[in-house]
Structures are given as C-alpha cells and as structure tokens.
S.K.: 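Below you'll find the structure I mean.
This one's a predicted model, so the numbers in the text were calculated from it and none came from an experiment. Note that these values count all heavy atoms, side chains included, but never hydrogens, waters or copies made by symmetry.
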Amino acid sequence: MIAQELIRRTRDGEPLARDEVRALVDGITHGGLSDAQVAAWAMAAFQRGLSRAETVELTLAMRDSGTVLDWADAPGPVLDKHSTGGVGDKVSLVLAPLVAACGGVVPMISGRGLGHTGGTLDKLDSIPGYTSQPDLDRLRAAIAEAGCAIVGQTADLAPADRRLYALRDATATVECLPLIVASILSKKLAAGLGGLVMDVKTGSGAFLPELDRAQELADALVETAEGAGLPCRALLTDMDQVLGRTAGNALEVREAIEMLRGDPTEPRFYGVTLDLTEALLELGGVERARERAEAALRSGAAADRFARMIVALGGPADLVEDPDRHLPSAPVVLPVRGSGTVAAIDVRAVGLAVVELGGGRTREDQPVDHAVGLTEVAGLGEDAGTLAVVHARDEASAERAARRLEAAFRT
C-alpha cells in the first residue's frame with residue numbers, strides 16, 4: 001500500500017482497515033517505511049487519535065511483528081502486571097515471586113527508567129551477575145525453576161514497537177494515548193499472557209498526573225486488551241508520595257527483599273502490592289487470592305521463589321539472606337532535615353533528585369549508578385524531622401540532592 005495515503009488518511013481522521021494497519025506495521029518492522037514516514041504517521045495519530053478498533057488492530061499487528069511466546073505447557077495461569085511508572089515503585093520485585101508462589105506463572109517483560117521514574121530492569125541490574133536480558137532458552141529455564149522471571153524486551157519480541165517508540169521519543173509524540181496503549185500491550189501479548197493487571201499511577205509523581213487522564217488511560221488499556229483477547233484489570237494507585245521508603249535501584253531491591261522476608265514494611269507499599277497481586281490471581285482463577293498471597297509472604301514461599309529466580313538468571317544464591325554483601329552502597333550518606341508535618345510532596349522533583357544523583361538517565365546511553373538514591377523518605381501527614389536520607393557518590397551531589405528535596409517537600 002502507498003505509505004503517503006495511510007499517513008493522509010490518519011491525518012484526516014479516516015479510520016484505517018485491518019489490512020492497512022497490518023501493512024503499516026509491516027513497513028515499520030521491515031523498513032518499508034522511512035523514519036520520516038513513520039514519524040509523520042505518529043504525529044498524525046497524535047493529532048487526530050485512533051479509533052478503538054484501530055488501536056486493537058495496531059496492538060495485534062505489533063504483537064505479531066516478532067515472536068509470540070507460547071506457554072501451553074505452563075503448570076498454572078500465565079499472568080503479568082505492568083505499571084505506568086512512578087518513584088519508588090518496586091512492586092514488581094515482590095509481586096512476580098508472590099504470584100508464582102500462589103500457583104501463577106509470570107514471564108514479566110519490564111523496562112528501564114524513563115524520565116523521573118525508575119525502571120525495574122535498572123533495579124535488577126544492581127544485582128551482581130543477574131542477566132536481565134536472557135535468550136529465550138534461559139528465560140524458559142528460569143520460569144521452569146522459579147515460576148517467574150523479570151527480564152527485558154528481547155530483539156524478537158514486538159520489534160515494531162521498538163522502532164516506533166524510538167521515533168515517538170524523538171518527535172514529541174510519546175504522550176499519544178492509542179500509541180501508549182499499543183506499545184504496552186503489544187509486548188505483553190507477545191509474552192503469551194493469559195491475564196494482565198495494570199497499575200495506572202496518578203498524582204504528582206506519575207507519568208499522567210491528572211486523575212481524569214489516568215482514568216482515560218486505564219479504560220483504554222482494559223478495553224484494548226480485552227478487544228485483543230487478553231483478560232485485563234486496571235487499578236488506579238496514588239503517586240502523590242513515594243511508594244515505600246526508598247527511591248534508587250539497589251536501595252529499592254533491599255526494601256523489596258525486606259518485604260519478602262517478612263520484615264516491617266511501609267503500609268502503602270504493602271497494600272498496593274497485595275491489591276495488585278490479588279487482582280492478578282483472581283484473573284487467573286485462583287480462589288482466596290489475598291489470603292493465599294498473605295500466607296505466601298508469611299511462610300517465606302515468595303522469598304524462596306525470588307531467590308530461585310535470581311540464581312536461575314545468574315545472581316547470587318544468598319541475596320535474600322545477605323543483600324548487603326552483594327548490593328552496592330554509596331559512600332556519602334546525608335540526612336535531609338525539615339520541621340513540622342509533611343503537607344504535600346512534588347514527587348516528580350524527588351524522582352529528579354535521584355536522576356541527578358546518577359540513579360537514572362538524562363540520555364539513553366548514560367550509565368546508571370545503582371548505589372545512589374534515597375532512604376527513609378517521609379510520607380504525607382508524617383513528621384518532617386527527616387525528609388529523606390541521601391545516598392550519594394560525593395559530597396557535592398549529596399548537597400545538590402538535599403536542596404532539591406527541601407524544595408520538593410511542603411510542610
């Protein structure tokens with residue numbers, strides 16, 4: 001088909017038919033469309049939108065642009081969770097082994113940090129030896145051993161999405177709702193799931209801060225997923241404060257391990273994790289889902305699954321027992337003091353403080369310092385005597401982060 005005609009029709013708000021969407025995605029995948037043509041079509045979709053039917057067809061075509069995993073021999077329901085991103089969001093590190101301990105199978109395809117938000121793969125890369133992008137054989141072996149594996153998108157999973165996303169990122173069309181939906185769901189569908197729960201964040205630290213926009217995204221994700229044959233639920237969760245007490249890669253791994261071991265856990269982190277786990281297990285037909293999840297945490301079954309996953313993907317066998325032996329730590333520790341009670345938090349600014357410390361990227365090729373970040377982060381309504389404790393590579397960066405944090409908290 002003539003690429004210019006597809007671009008023109010989307011530009012003019014004329015819906016594309018199924019075979020036209022397939023032709024478009026084929027051109028994106030195999031180079032039949034130039035970068036200029038792909039970018040022009042993305043801008044047309046950004047300006048005019050896509051119909052729900054077009055979004056479903058785009059999602060399916062992007063799924064089929066590469067390998068689609070088949071878990072027909074899986075011993076339980078194949079389930080996954082995706083978050084739209086936040087600050088301190090280490091839920092996946094607990095949820096995946098927890099679901100596996102309750103009978104689910106979790107091939108979790110995760111991403112790296114974007115903007116002010118952290119990425120699950122960056123957290124896992126702080127674990128020595130962990131292979132966050134294994135080949136398919138090793139992924140299957142890890143799933144067989146642990147029931148879960150948290151890994152990155154491989155080259156043969158939804159390759160159309162990888163090219164389209166790179167061009168969207170370069171042309172200010174990332175925020176296009178139908179393209180967000182197709183990007184997320186094409187990778188999840190390619191992973192061969194039988195159920196998906198979406199954690200859609202709202203608030204000052206979210207990708208979409210406004211509640212109505214977050215609700216719109218949640219609705220679009222559920223409707224598109226179900227239109228593509230994937231049972232899906234979406235939960236709106238609060239990102240007006242950091243989730244848990246830490247922000248930063250190795251520091252968040254430590255906090256997740258503490259929850260898995262049954263150590264005292266910040267209530268919101270515990271609650272959001274259990275809510276998402278319960279919803280996902282219910283999608284998989286697991287009865288008494290929350291009761292079983294809480295029992296798996298108390299018994300250590302979830303911690304055991306996490307430890308088996310780490311070993312299967314190349315990490316140390318005693319990470320759960322002795323995380324400080326393996327996880328990196330920063331040499332400079334600086335408490336940031338306040339007074340009164342925390343009334344409001346600019347969570348995006350808190351995330352940017354971690355990025356500025358080196359815990360995130362300002363460029364795609366930038367290395368991440370896995371040791372830096374924040375601990376003891378105060379929540380809304382709590383005493384502001386300590387706003388957070390900065391973990392930094394040097395005194396100068398610690399002081400800069402402290403100033404940013406002082407400005408981010410209102411008491």
S.K.: For the residue pair Val151 and Met108, establish whether any side-chain heavy-atom pair is separated by less than 4.5 Å.
M.R.: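 No. Closest side-chain heavy atoms not under 4.5 Å.
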S.K.: How long is the span from the OH atom in Tyr165 to the CD1 atom in Ile184, to the nearest 0.5 Å?
M.R.: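 Between Tyr165 OH and Ile184 CD1, I get 9.5 Å after rounding to 0.5 Å.
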S.K.: So Val99 and Cys148, do their side chains get closer than 4.5 Å, heavy atoms only?
M.R.: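 Result no, sub-4.5 Å side-chain heavy-atom pair not found.
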S.K.: Grab the two heavy atoms, one from Val253 and one from Ser126, that are nearest each other, plus how far apart they are.
M.R.: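 Val253 and Ser126 have their closest heavy atoms at CG2-OG, 3.7 Å.
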S.K.: With distance as the sole test, does Ser186 use its side chain to make a donor-acceptor pair with the main-chain N or O of Ala182 at under 3.5 Å?
M.R.: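 Yes: the side chain of Ser186 pairs with the backbone of Ala182.
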S.K.: How far apart are the closest heavy atoms of Leu177 and Ala220, and which atoms are they?
M.R.: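 Reported closest heavy-atom pair: CD2-CB, 4.4 Å.
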S.K.: Would you say Leu274 and Leu297 make side-chain contact, with heavy atoms under 4.5 Å?
M.R.: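 Yes - at least one pair of side-chain heavy atoms lies under 4.5 Å apart.
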S.K.: Do Arg290 and Glu294 touch side chain to side chain, with heavy atoms closer than 4.5 Å?
M.R.: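 In short, these two side chains touch, coming nearer than 4.5 Å.
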S.K.: List the atom of Ala384, the atom of Thr411, and the distance in Å for their closest heavy-atom pair.
M.R.: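 Closest heavy-atom pair between Ala384 and Thr411: CB-CG2, 3.6 Å.
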S.K.: Would you call Glu255 and Arg245 a salt bridge, using N to O less than 4.0 angstrom?
M.R.: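 The answer is no: the pair does not qualify as a salt bridge.
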S.K.: Keeping Glu252 on the side-chain end and Gly248 on the backbone end, is there a donor-acceptor pair under 3.5 Å?
M.R.: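 Checked: pair present.
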S.K.: Measure the shortest side-chain to side-chain distance between Thr10 and Phe46 over non-hydrogen atoms and say whether it is less than 4.5 angstrom.
M.R.: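 Thr10 does not reach Phe46 side chain to side chain.
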S.K.: Taking it one step at a time, do Glu216 and Arg213 satisfy salt bridge (Lys or Arg N to Asp or Glu O under 4.0 Å)?
M.R.: CA-CA 5 Å; Glu216 183 183 5; Arg213 288 276 287 156; 3.6 Å; yes
S.K.: Could you list the residues that satisfy salt bridge (charged side-chain N to carboxylate O under 4.0 Å, His left out) with Arg48, not counting sequence neighbours?
M.R.: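 Testing Arg48 for salt bridge (charged side-chain N to carboxylate O under 4.0 Å, His left out), a comparison that skips the adjacent residues, returns none.
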S.K.: What's the shortest heavy-atom distance between Leu93 and Ala256, and which atoms?
M.R.: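 Heavy atoms only, the tightest pair is CB-CB, 3.8 Å.
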S.K.: Going by heavy atoms in the side chains, are Phe207 and Ile180 under 4.5 Å from each other?
M.R.: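 Yes, side chains in contact.
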S.K.: Just verifying a value: how many Å separate Leu33 CG and Arg163 CZ, rounded to the nearest 0.5 Å?
M.R.: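 Taking CG in Leu33 and CZ in Arg163, the distance rounds to 7.0 Å.
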S.K.: Among pairs that include at least one residue of residues 170-194, which meet salt bridge (charged side-chain N to carboxylate O under 4.0 Å, His left out), considering only residues two or more places apart or in two chains?
M.R.: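 For residues 170-194, and leaving out neighbouring residues, the salt bridge (charged side-chain N to carboxylate O under 4.0 Å, His left out) pairs sorted by first residue read Asp80-Lys188, Asp161-Lys187.
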S.K.: For residues 61-76, which residue pairs qualify under side-chain hydrogen bond (donor to acceptor under 3.5 Å, both in side chains), counting only residues two or more places apart or in two chains?
M.R.: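 Checked against side-chain hydrogen bond (donor to acceptor under 3.5 Å, both in side chains) - neighbours excluded - the pairs reaching residues 61-76 are Arg22-Asp64, Thr67-Asp156.
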S.K.: Is there a side-chain contact between Gln47 and Arg11 in this structure, where contact means two heavy atoms from C-beta onward sitting under 4.5 Å apart?
M.R.: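 A side-chain contact is absent here, since even the closest heavy-atom pair is not under 4.5 Å.
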S.K.: State, to 0.1 Å, how close Thr265 and Phe269 come at their nearest heavy-atom pair, and which atoms those are.
M.R.: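 Minimum heavy-atom separation between Thr265 and Phe269: CG2-CD2, 3.6 Å.
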S.K.: Enter the distance from Ile345:CD1 to Phe409:CZ here, rounded to the nearest 0.5 Å.
M.R.: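 That separation rounds to 4.5 Å.
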S.K.: Suppose the criterion is salt bridge (charged side-chain N to carboxylate O under 4.0 Å, His left out): which pairs have a residue in residues 328-351, not counting sequence neighbours?
M.R.: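 Non-adjacent pairs meeting salt bridge (charged side-chain N to carboxylate O under 4.0 Å, His left out): zero.
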S.K.: Between the main-chain N or O of Ser34 and the side-chain N or O of Gln37, is there a donor-acceptor pair closer than 3.5 Å?
M.R.: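 Checking the backbone N and O of Ser34 against the side chain of Gln37, a donor-acceptor pair under 3.5 Å is found.
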S.K.: Test your reading of the model: is there a side-chain donor-acceptor pair from Thr131 to the backbone of Gln133, 3.5 Å cut-off?
M.R.: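 Not a single qualifying donor-acceptor pair exists.
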S.K.: Can you tell me which residue pairs pass the salt bridge (charged side-chain N to carboxylate O under 4.0 Å, His left out) test with a partner in residues 128-149, sequence neighbours excluded?
M.R.: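 For residues 128-149: Glu145-Arg308.
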S.K.: Nearest 0.5 angstrom please: Leu24 CG to Met62 CE, how far?
M.R.: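 Here the interatomic distance stands at 10.0 Å.
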S.K.: Are side-chain N/O atoms of Thr375 and His391 paired as donor and acceptor at under 3.5 Å?
M.R.: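 Judged by distance alone, the side chains do pair up.
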S.K.: With a 4.5 Å limit on heavy-atom distance, are the side chains of Leu139 and Thr154 in contact?
M.R.: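 The answer is no; the side chains never approach within 4.5 Å.
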S.K.: Could you work out, with salt bridge (charged side-chain N to carboxylate O under 4.0 Å, His left out) as the rule, every residue matching Arg162, not counting sequence neighbours?
M.R.: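 Listed in chain order: nothing, the list is empty.
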S.K.: Can you sort out the partners of Glu291 under side-chain hydrogen bond (donor to acceptor under 3.5 Å, both in side chains), two or more places apart, ordered by chain and number?
M.R.: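 Residues passing side-chain hydrogen bond (donor to acceptor under 3.5 Å, both in side chains) with Glu291: Arg288.
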S.K.: Excluding sequence neighbours, so at least two apart, what forms side chain to side chain contact (heavy atoms under 4.5 Å, CB included) with Ala218?
M.R.: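 Result, side chain to side chain contact (heavy atoms under 4.5 Å, CB included) vs Ala218: Val200, Gln215, Ala234, Leu236.
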S.K.: Please name all residues satisfying side chain to side chain contact (heavy atoms under 4.5 Å, CB included) with Ala396, sequence neighbours left out, ordered by chain then number.
M.R.: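 Once residues adjacent in sequence are excluded, the partners of Ala396 under the side chain to side chain contact (heavy atoms under 4.5 Å, CB included) criterion are Asp394, Arg400.
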S.K.: Quick one: which residue pairs count as a salt bridge (charged side-chain N to carboxylate O under 4.0 Å, His left out) with a foot in residues 311-326, not counting sequence neighbours?
M.R.: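 Counting only pairs at least two positions apart or across chains, the salt bridge (charged side-chain N to carboxylate O under 4.0 Å, His left out) contacts touching residues 311-326 are Arg254-Asp324, Asp318-Arg325.
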S.K.: Just jot down the salt bridge (charged side-chain N to carboxylate O under 4.0 Å, His left out) partners of Glu282, sequence neighbours excluded, or say none.
M.R.: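 For Glu282, the residues satisfying salt bridge (charged side-chain N to carboxylate O under 4.0 Å, His left out) (neighbours in sequence not counted) are Arg233.
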S.K.: Looking at CG of Leu69 and CG of Leu136, how far apart are the two atoms once the value is rounded to the nearest 0.5 Å?
M.R.: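 Nearest 0.5 Å value for the CG-CG distance: 5.5 Å.
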S.K.: Report yes or no: does Arg9 contribute a side-chain atom to a donor-acceptor pair with the main-chain N or O of Glu14 at less than 3.5 Å?
M.R.: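 Here the side-chain-to-backbone pair does not exist.
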S.K.: Return yes if some donor-acceptor pair links the side-chain N/O of Arg393 with the main-chain N/O of Ala330 below 3.5 Å, else return no.
M.R.: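 Side chain of Arg393 to backbone of Ala330: no pair is present.
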S.K.: Taking Arg18's backbone N and O only, do any of them form a donor-acceptor pair with Glu57's side chain (distance below 3.5 Å, no angle check)?
M.R.: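 Not confirmed, Glu57 side chain does not pair with Arg18 backbone.
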S.K.: State which residue, out of Thr246, Val354, Val87, fulfils the side-chain contact (heavy atoms from CB on, under 4.5 Å) condition with Leu374.
M.R.: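 Result for side-chain contact (heavy atoms from CB on, under 4.5 Å) with Leu374: Val354.
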S.K.: Salt bridge or not for Arg403 and Glu406, using N-O below 4.0 Å?
M.R.: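 Looking at Arg403 and Glu406, the cut-off is met.
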S.K.: Quick one: list whatever passes salt bridge (charged side-chain N to carboxylate O under 4.0 Å, His left out) with Lys201, sequence neighbours left out.
M.R.: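 Partners of Lys201 by the salt bridge (charged side-chain N to carboxylate O under 4.0 Å, His left out) criterion, ordered by chain and then number, come out as Asp89, Asp199.
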S.K.: Run through Leu208, Thr237, Thr202, Leu217 and flag the one making a side-chain contact (heavy atoms from CB on, under 4.5 Å) with Thr84.
M.R.: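 Among Leu208, Thr237, Thr202, Leu217, the one meeting side-chain contact (heavy atoms from CB on, under 4.5 Å) with Thr84 is Leu217.
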S.K.: Does the side chain of Thr277 pick up a donor-acceptor pair with the side chain of Lys81 at under 3.5 Å?
M.R.: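 Absent: no donor and acceptor within the cut-off.
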S.K.: How many angstroms lie between CE in Met198 and NE2 in His82, if you round to the nearest 0.5 Å?
M.R.: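 Answer for the CE-NE2 pair, Met198 versus His82, is 4.5 Å.
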S.K.: Ignoring hydrogens and angles, tell me if any N or O in the side chain of Glu210 forms a donor-acceptor pair with the backbone of Asp212 under 3.5 Å.
M.R.: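 It does not hold such a pair.
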S.K.: I'd like to know if the side chain of Gln153 reaches the main chain of Ala158, judged simply by a donor and an acceptor atom lying under 3.5 Å from each other, with no hydrogens or angles considered.
M.R.: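 The answer is yes, because a donor-acceptor pair under 3.5 Å joins these two groups.
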S.K.: Under 3.5 Å, side chain of Arg305 to main-chain N/O of Leu98, donor-acceptor pair present?
M.R.: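 No, Arg305 side chain to Leu98 backbone: no donor-acceptor pair under 3.5 Å.
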S.K.: Looking at every heavy atom in both Glu287 and Arg292, which two are closest together, and how far apart are they?
M.R.: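 Scanning both residues completely, I find the closest heavy atoms to be O-CD, 3.4 Å.
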